[in-house]
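This report concerns only the one structure given below.
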Amino acid sequence: MRASASAPSDSPAPSLPFDWIMSVLALVLMAGVIQDGWAHGHGLVDQSFLTPWHAILYGTMALNGIVLGTIAIRNIMRGYPARYALPFGYWTSLTGVILFALGGAFDLWWHTRYGIESDINALISPSHVWLALAGALVFSGPLISITARYGSRSAGWRITGPAILSAAALLTLIGFFTQYAQPIGDNEMSLVIGRHEPQTGGALYAVRGDGTRETRLLTIAGSDIWGASVSPDGKRIAFRVGAGKDPASDIHVANVDGTQERRITHSGRHDTQPAWSPDGKRLAFISIPAGTSGDYLLQTIGPDGSRLKTLVSGVTEMQLPVWSPDGNSIAYQTRNGLRQQIAVISSGGGPATWLPATGGAADPAWSSTNAIAFATADGMIAVTDPRGLSARNVVRNGAMPAWSVDGKRIAYIREAGGDTQVFVTDLGSGQTVNVSQLAGLDASHPSWTPRGDLVFTATGRPVAATTFLGLAYSEDANIIEAIAVAGIALMLIRRWRVPFGALTFVFGIFAIAMAFQSDLYYEIFAAVLTGLLADVAIAILGERARGGLGFYALGFGMPAVLFMLYLVVAQLTLPGGLGWPPNLVAGSPFIAGFAGLLIAFCFAPPLRSPEVEAGT
């Protein structure tokens, strides 16, 4: 009979064959998770919990439970207390099996109550997160066992192999449950990183002030139209036209029915937001460097493209110029220090004055009755006079106001049913009408005609992947993968002398599993090559790979090279290649590398205390 004690020596003697068996079973269990995820992701799961995919998943966990349970029962029969019935580290694995069984019952109840999940819901479902935790405990047994028995100088596949297999299973588990933010694991990432057609090009529309007789006036194939402005005599329209993804755009003028459209600026910059002077002889507009930051220009030009004049030049953002009724002043949106505000300048140029009541304001509009409307920081539309000393709210929830010619109505844009539409509010009666009602299109920049009709532009929604959020999402995925890959790889490198091929194996298993979820099988090459390069670097560095600059270089290099190769493979395989701008392509590997370097600092802090340096 073995005396009970708390030390690992009171547990049954561990053995490498058992470690190998349990590490292989860890990979088998992970394969069960992957095939179930593949079935969910490929539409092969109905609303039933009892599927062959679940049977395989729970069967692989049962194999782990049978092996661990058999060993535990045998050792209890040999006289070991129950708490020491398994080799050191494997009670963690058995705890995982028990939690998995309980989680399976919870999963059955959850599916019965809420149905079978799909996409991100399946990965964040409470029952599945429970199962993920249980799986991580099962995978940890061989790691704990090898760590407890073999020191940092241990090397070779025979000794460290079970830990390497367990680490591969853990990395794959982390990748699987974060595949909504994994470059290889989420096929949406290929949409984010690939080349896209531009959003549906803008078009000019006209509609009566009561919302009747809506007409599309003009589209230009392959171009984006925005920012309609009707001339005072109601005969012409000015607007901005951009070609596809070209960041440059120009001001165009056409007849009010959309005919005889012509281009009047040729700056090679982003010329936009035209506004007619009251006499119809000039247009004010904003000119911005195309595709980058730099000097903003507030300029005027004749409707025939002559008499170009710069009124304001500077690096401070300027937007949406509007003329005073007498044509002597121009108001525009800009920034006063750190705060957005409405400024007014002479139409001939000169210093700007600020309207005090317009702090945080945007989208100025100057009426024929000398009132200035603007959008407030809290989403209201307010009105002030040319001195701007006070303001009052006139419309709740609106932007881009435009005065009717008589100053009695305001048109503006507001979200309705998921799209941005043009609304008109009568300031006397308060009656409000949605006049655009375009399904699937976003309306903007309404402008009144002398007859009381409205002209505006409308565009299709941009491809989500090309928006700020889409690009930010892809960088988040880059960082999350870098943390996961660097964390597992550096743990192995720091703890043992990992044998050649270890990281190729770990990264390869991870990539193959993730590719099964997304069908991006070509990305396996990027992961395998990264692992091979890491193995070569470790072989060259030797002990230097486990600390100091060598360790930090690996922490930075592995995720950086992985994402760089991912971009290279995407360029070679995706239709049309990469769709990212050069800044993202060049900078993203460095972002991944910095994330990995921070993980390396966690394992080996670069700033040591004097006690550590002295060995105390």
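Looking only at distances, a side-chain donor or acceptor of Trp157 sits under 3.5 Å from a matching main-chain atom of Phe500.
Taking every heavy atom of both residues into account, Pro142 and Tyr90 meet most closely at CA-OH, 3.3 Å.
Taking the side chain to side chain donor-acceptor pair (under 3.5 Å) definition, one finds that Trp91 meets it with nothing, sequence neighbours left out. In this view, Thr60 satisfies the side chain to side chain donor-acceptor pair (under 3.5 Å) rule with no residue, not counting sequence neighbours. Residues passing the side-chain contact (heavy atoms from CB on, under 4.5 Å) test with Arg158, sequence neighbours excluded: Leu16. Here Asn583 pairs with nothing under the side chain to side chain donor-acceptor pair (under 3.5 Å) rule; sequence neighbours left out. Partners of Ile71 by side-chain contact (heavy atoms from CB on, under 4.5 Å), not counting sequence neighbours, listed by chain and number: Phe18, Arg74, Asn75, Leu86, Pro87. For Ile66, the side-chain contact (heavy atoms from CB on, under 4.5 Å) partners two or more places apart in sequence, or in a different chain, are Thr70. The side-chain contact (heavy atoms from CB on, under 4.5 Å) test applied to Ile34 returns Met30, Thr172, Phe176, Ala513, Met514, Phe516, Gln517, not counting sequence neighbours.
Residue pairs that meet the salt bridge (charged side-chain N to carboxylate O under 4.0 Å, His left out) test with at least one member in residues 144-153, sequence neighbours left out, are Asp19-Arg149. Sequence neighbours left out, the pairs with a member in residues 535-563 that pass salt bridge (charged side-chain N to carboxylate O under 4.0 Å, His left out) are Arg497-Glu543, Glu543-Arg546. Listed by first and then second residue, the side-chain hydrogen bond (donor to acceptor under 3.5 Å, both in side chains) pairs involving residues 23-34 amount to none (not counting sequence neighbours).
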Side chains of residues 548-561: which donor-acceptor pairs under 3.5 Å do they make with residues two or more places apart or in other chains?
{"from": "Tyr552", "atom 1": "OH", "to": "Ala604", "atom 2": "O", "distance (Å)": "2.5"}

Which side-chain N or O atoms in residues 585-595 pair as donor and acceptor under 3.5 Å with protein atoms at least two apart or in another chain?
{"from": "Ser588", "atom 1": "OG", "to": "Glu475", "atom 2": "OE2", "distance (Å)": "2.3"}
{"from": "Ser588", "atom 1": "OG", "to": "Leu584", "atom 2": "O", "distance (Å)": "2.6"}

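In summary, the side chains of Ser444 and Trp226 do present a donor paired with an acceptor at a separation below 3.5 Å, with no hydrogens or angles considered.
In this structure, the ring of Phe510 has its center no less than 6.0 angstrom from the ring center of Phe507.
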